[in-house]
Amino acid sequence: MNTGTQATSASPGVVGGGETAGFGLRVPATEAWGSDVSEAQVETVVHELSGGGRLADFFGSVEDEQLVLRLVYGFEPGGGYRIVRWPAAAEYPALSEIAPAAFVEECEIYEQFGARPAGGRPLNRLVVPPHAGRDFPRLGRAPAREPGPVHAPHYVSGEAIEYPFGPVRAVAQESLYVGLVTSGEEVIDLYLLQWHKHRGLERRLQGLDPQRALFLVERAEGLSAVGNSWAFCRAVEAIVGIDVADSVDRTRGVALELERLYNHAAAVAALAQSTGLSVGQAQAEIALESFLRLNAATFGHRYLFGVLAVGGATRAPDAERLRTELPRAMGELRRVVKALKSTNSFVDRLEACGIVPPDVARRLGLVGPVARGSGQDLDCRRDHPFGPYLVHPSEVPVRQDGDVLARMEVMVEEAEQAAALVNDLVAAGTGVGVSPASAFEAGSALGWCESPRGESLLWLALDGEGKIRRARLRPGSVRNWRAFDDAARSRNVFTDVPIIEASFWLTVAGFAR
């Protein structure tokens with residue numbers, strides 16, 4: 001059975017195991033490739049991998065008291081993932097000079113491990129709060145110097161003002177500080193402070209057994225509980241040799257697509273709210289509530305917590321409720337989308353708002369609807385298929401304009417396809433059950449899943465007792481927040497910012513985990 005995961009044990013390909021395959025080689029998704037390189041080779045390797053691949057993640061771990069850095073590249077379609085690792089010193093080559101998508105991770109590595117890219121480029125504060133001292137819990141050691149502010153120094157003069165917004169913004173909104181530099185209407189500059197949500201989850205996962213750790217992974221980003229958990233479960237299953245039955249994998253697929261449906265309905269409601277259409281917002285929230293009630297009726301939880309387990313699924317969907325209630329919920333969503341798209345004042349606010357050009361989306365390594373709205377034909381259900389998506393492929397809607405309207409259109413089309421996928425999976429037969437591990441042995445694996453926000457990656461290392469040595473959580477929000485400030489500055493006005501945020505539909509928790 002092709003699980004689609006890549007592991008250092010119990011699989012024919014070894015990530016990080018020192019293969020001799022050429023860098024940038026596209027290989028079948030059923031195989032895994034990794035390489036150990038020296039620090040002197042890193043820049044050459046990144047140049048070669050960036051020529052045909054996409055930088056998907058960059059992170060560190062402490063192994064035998066040595067900092068080890070890993071790059072994860074994705075090759076689409078069907079080329080698999082490639083992991084490159086090397087032991088790093090206090091300084092390492094500045095990879096963001098070659099692959100700009102690496103900059104956010106360079107900042108995070110500095111905060112968590114104290115190593116920085118060469119060249120002295122200023123590094124921003126990301127998730128460690130400014131009041132944290134050197135004893136603040138980290139994955140490694142504290143940096144020699146505190147990171148700088150989250151934005152480049154600038155001076156506000158003349159008629160421009162810096163408007164502080166947050167971190168407490170509104171009821172039910174996550175804590176987020178938005179620093180807006182404006183002349184009263186036009187957005188001149190914007191920066192974000194997201195560290196208010198930092199919970200140190202990656203550190204807290206160390207030493208836990210996978211079943212217990214799943215509780216925290218599921219809550220790292222509650223609106224992507226299924227997507228992030230599935231990536232985690234598949235990594236564990238690849239290491240310890242668990243084969244999940246096809247019917248149980250279809251149960252997981254139903255849960256994932258239901259998660260996509262309610263998220264996209266919530267984004268439509270947020271867009272109606274941000275454009276001042278209270279009636280449209282109420283109608284969209286009725287559709288959202290219908291999806292949430294369907295989740296509860298089908299799986300026992302409105303946000304689908306507790307459905308996945310390492311080795312399988314704890315609950316099977318109520319097929320009859322899905323057959324009767326999913327069409328009703330979809331009908332409500334279709335009606336409100338049709339009404340909104342027929343409202344000129346709504347469409348006018350979305351068109352040419354918050355533009356992310358395709359070249360920017362590619363350079364920053366964006367994923368999910370944000371990337372697909374900017375011309376990036378990416379979806380790991382199709383490009384790196386796993387589980388039920390090997391038999392039930394997903395269509396990938398793409399738009400080129402890169403504005404708020406394009407992102408909404410992608411989400412609406414994805415919702416239609418998600419509903420069709422749910423019907424196909426239920427018709428093929430779903431199941432419930434948890435398969436036991438064949439053995440616990442030290443190993444590592446990369447798991448992935450296409451969450452509502454895009455590709456979710458989870459790299460995991462277990463020791464010989466089945467305890468977690470290192471878990472790297474990389475939800476889709478981690479990739480996509482880096483484009484938000486560019487989108488807000490692209491000839492937008494002050495009141496466009498909430499509209500842009502609704503169209504990105506990201507979580508602060510998924511970034512500041």
Side-chain angles (χ1 to χ4, degrees), residues 2-8 11 15 29 32 54 56-59 70 72-74 76 80-83 201-202 205 208 210-211 213-240 242 244 248-249 251-260 263 303-313 365 367-368 378-390 394 443-462 468 470-480 506-507 509-511 513:
N2 175 17
T3 63
T5 44
Q6 300 178 350
T8 61
S11 74
V15 168
R54 167 183 60 87
D57 202 9
F58 178 31
F59 61 95
R70 284 179 173 84
V72 181
Y73 270 83
E76 288 87 19
Y81 290 94
R82 179 72 180 272
I83 296 181
L201 288 181
E202 291 184 359
L205 290 172
L208 298 182
Q211 289 287 16
L214 181 59
F215 180 89
L216 294 176
V217 172
E218 197 171 49
R219 287 154 179 79
E221 187 184 31
L223 298 185
S224 291
V226 177
N228 295 332
S229 296
W230 201 349
F232 174 79
C233 289
R234 294 175 61 236
V236 177
E237 291 154 8
I239 298 172
V240 302
I242 297 176
V244 177
V248 177
D249 256 345
T251 293
R252 291 174 165 185
V254 170
L256 180 64
E257 298 309 321
L258 289 177
E259 182 171 79
R260 198 177 320 280
N263 268 279
Y303 296 97
L304 303 166
F305 286 9
V307 176
L308 271 65
V310 174
V367 297
L378 302 170
D379 189 317
C380 60
R381 292 174 296 172
R382 180 202 62 189
D383 300 332
H384 309 283
F386 56 92
Y389 302 106
L390 292 163
S394 173
S444 60
L446 178 72
W448 61 90
C449 186
E450 186 70 22
S451 80
R453 286 156 190 81
E455 174 195 61
S456 175
L457 295 180
L458 198 144
W459 184 87
L460 185 70
L462 300 181
I468 294 176
R470 173 76 166 98
R472 163 64 177 181
L473 309 179
R474 204 238 66 192
S477 293
V478 174
R479 302 304 290 176
N480 288 344
L506 307 177
T507 71
F511 180 90
R513 69 227 176 277

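Each residue takes its place number in the sequence, starting with 1.
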task: Using side-chain hydrogen bond (donor to acceptor under 3.5 Å, both in side chains) as the criterion, list what pairs up with Asp57, not counting sequence neighbours.
output: Arg472

- prompt: Does the Arg252 side chain pair with the main chain of Leu308, one donor and one acceptor, at a distance under 3.5 Å?
  reply: no

- prompt: Are Arg234 and Glu237 within salt-bridge range, i.e. N to O under 4.0 Å?
  reply: no

query: Under 3.5 Å, side chain of Asn263 to main-chain N/O of Leu223, donor-acceptor pair present?
result: yes

- prompt: If we only count heavy atoms from C-beta on, is the Leu460 to Ser444 side-chain gap below 4.5 Å?
  reply: no

- request: Please list, chain by chain and in numerical order, all residues satisfying side-chain hydrogen bond (donor to acceptor under 3.5 Å, both in side chains) with Glu259, sequence neighbours excluded.
  value: none

query: Could Glu455 and Arg474 be called an ion pair, given the rule that one side-chain N must be under 4.0 Å from one carboxylate O?
result: yes

task: Answer with yes or no whether the side chains of Ser224 and Arg453 bring together a donor and an acceptor at under 3.5 Å.
output: yes

query: Does Glu450 pair with Arg382 as a salt bridge, N-O distance under 4.0 Å?
result: no

- prompt: Parallel, tilted or perpendicular for Tyr389 and Trp230, by the 30°/60° rule?
  reply: tilted

- request: Spell out, as yes or no, whether a donor-acceptor pair under 3.5 Å connects the side chain of Arg513 to the backbone of Glu221.
  value: no

Side chains of Phe511 and Arg479 in contact at under 4.5 Å (non-hydrogen atoms): no

Side-chain donor/acceptor of Arg219 to backbone N/O of Phe215, under 3.5 Å: yes

message: Run the side-chain hydrogen bond (donor to acceptor under 3.5 Å, both in side chains) test against Tyr303 and tell me which residues pass, sequence neighbours left out.
response: none

- prompt: Closest approach of Ile239 and Ala445, non-hydrogen atoms and distance?
  reply: CG1-CB, 3.5 Å

- line: In short, Gly253 meets Pro388 closest at the heavy-atom pair CA-CG, 4.2 Å

query: Taking the side chain as C-beta and beyond, is there a heavy-atom pair between Tyr73 and Ile83 under 4.5 Å?
result: no

task: Could you check if a side-chain atom of Leu216 sits within less than 4.5 angstrom of a side-chain atom of Leu208, using non-hydrogen atoms only?
output: yes

